[in-house]
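Before any comments, here is the structure.
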Amino acid sequence: MTGKAVILIVAAAGTTATADTFLFSGFNHPDGNVNPQAYGLRLDEFGGNDPATFSFENPTGIPMGTSTVNVQIDTASGLTGPATLTISGTVVGNSASGGTAFGTFTLSVVYTGTVTGSVGGGDFLFTSTTADGMTGSLTGLAVTGASPLTNGQSVALDPAARGSDYFFFGLDIPGERISGTAAAGRFEGQGWLNSTVSNNTEDFLFTAIPTFIPPTPGTAGVLAIGGLVAARRRR
């Protein structure tokens, strides 16, 4: 059974405003430092392999280029306010440069943070800034002997900071590492973590395409981007 890696942002508890729901499909980033395979998550030394990467696309039985990542963002008040971001679903592990395959895994990572932005100006941003605002796990789903996990076994993914920040998701994120994403109609996710089965480079770096944007004030820019992407994908 193939799952989906999901990025979910939910309004914080105690808010009274009606939440808005944003949906995206997530993809690998296009220009990783280590290829192949293309990836959205890197956990070096996983199973003793360095580098070690995890693809958000093309698990067994799914056509090449098909996203296994869904992104859902629920905010308390549209483009501003507290929110929770969850990345969950199925990713495919492999050492880079055509190396050892690890199998497939269920990924679940939760961040709490804040959404800010004026989407039409291209600066929509989710930011997580506290270690207490992140929990996560990676669970063996259909692993090979190269994996340090067995089927059904989980390892905790813990928060790691870059300066005072733990995770960014948006159109215009600080220290953007994937150039031209907004112009191409893609959002970018970037964050840092660690585990007991990995070391050195351990981070998220992926892109996401909007599939549904609620018609709330200030979202015209996102709606336009979503329409542009939809038109491109129909060609």
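What you see is a predicted model; the values in this text were computed from it and never measured. One-based numbering along the sequence shown.
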Just jot down the side-chain contact (heavy atoms from CB on, under 4.5 Å) partners of Thr127, sequence neighbours excluded, or say none.
-> Leu125, Thr129, Asp165, Phe168

Looking only at heavy atoms, which two atoms of Ile87 and Leu85 are closest? And how far apart?
-> CG1-CD2, 3.7 Å

Do Val34 and Thr53 come close enough that some side-chain heavy atom pair is under 4.5 Å?
-> yes

Report the distance from atom CZ of Arg186 to atom CG of Leu171, rounding to the nearest 0.5 Å.
-> 13.0 Å

Could you tell me whether the side chain of Thr211 and the main chain of Leu23 form a donor-acceptor pair under 3.5 Å?
-> yes

Does one hydrophobic cluster hold both Tyr111 and Phe56, with members joined at side-chain heavy-atom distances below 4.5 Å?
-> yes

Here the side chain to side chain donor-acceptor pair (under 3.5 Å) pairs for residues 138-148, sequence neighbours left out, are Thr139-Ser154

Thr68 (side chain) donor-acceptor with Thr90 (main chain) under 3.5 angstrom = yes

Distance-only, no hydrogens or angles: does the Asp158 side chain make a donor-acceptor pair with backbone N or O of Ser195 under 3.5 Å?
-> no

Distance (rounded to the nearest 0.5 Å) between Ser55 OG and Phe27 CZ | 11.0 Å

Could you tell me whether a side-chain N or O of Thr114 sits under 3.5 Å from a main-chain N or O of Gly81, the two making a donor and an acceptor?
-> no

Side chain proximity check, Leu157 to Leu107, heavy atoms < 4.5 angstrom | yes

Side chain of Asp44, backbone of Ala52: donor and acceptor closer than 3.5 Å?
-> yes

Hey, could you give me the CG/CG distance between Asn199 and Asn194, rounded to the nearest 0.5 Å?
-> 8.5 Å

side-chain contact (heavy atoms from CB on, under 4.5 Å) involving Val110 - partner list, sequence neighbours excluded | Thr84, Thr86, Thr135

Backbone N or O of Val92 within a donor-acceptor pair of the Gln37 side chain at under 3.5 Å?
-> yes

Using the ring of each side chain (for Trp, its six-membered ring), is Phe54 parallel, tilted or perpendicular to Phe102, with breaks at 30° and 60°?
-> tilted

Quick one: pull up CZ in Phe204 and CD in Gln190 and give me the separation to the nearest 0.5 Å.
-> 12.0 Å

With distance as the sole test, does Glu188 use its side chain to make a donor-acceptor pair with the main-chain N or O of Gly170 at under 3.5 Å?
-> no

From CA spacing to verdict: side chain to side chain contact (heavy atoms under 4.5 Å, CB included), Ile173, Phe126 | CA-CA 8 Å; Ile173 70 174; Phe126 169 89; over 6 Å; no

If you take all heavy atoms of Phe24 and Ala208, which pair is closest and at what distance?
-> CB-CB, 4.1 Å

Shortest non-hydrogen contact from Leu149 to Gly140?
-> CD1-N, 4.3 Å

Would you name the heavy atoms of Ala131 and Pro159 that are closest together and state the gap between them?
-> O-CG, 3.5 Å

Could you check Asn200 against Glu45 for side chain to side chain contact (heavy atoms under 4.5 Å, CB included), going step by step and ending with a plain yes or no?
-> CA-CA 8 Å; Asn200 298 325; Glu45 298 187 17; 2.7 Å; yes

Within the 6.0 Å centroid threshold, strictly below: Phe187 and Phe169 | yes

Kindly state whether the ring of Phe46 and the ring of Phe105 have centres lying under 6.0 angstrom apart.
-> yes

Output the distance between atom CH2 (Trp192) and atom CZ (Arg162), rounded to the nearest 0.5 Å.
-> 5.5 Å

Closest heavy-atom pair and its distance - Asp203, Gly191 | CB-O, 2.9 Å

Report the distance from atom CZ of Arg42 to atom CG of Asn33, rounding to the nearest 0.5 Å.
-> 6.5 Å

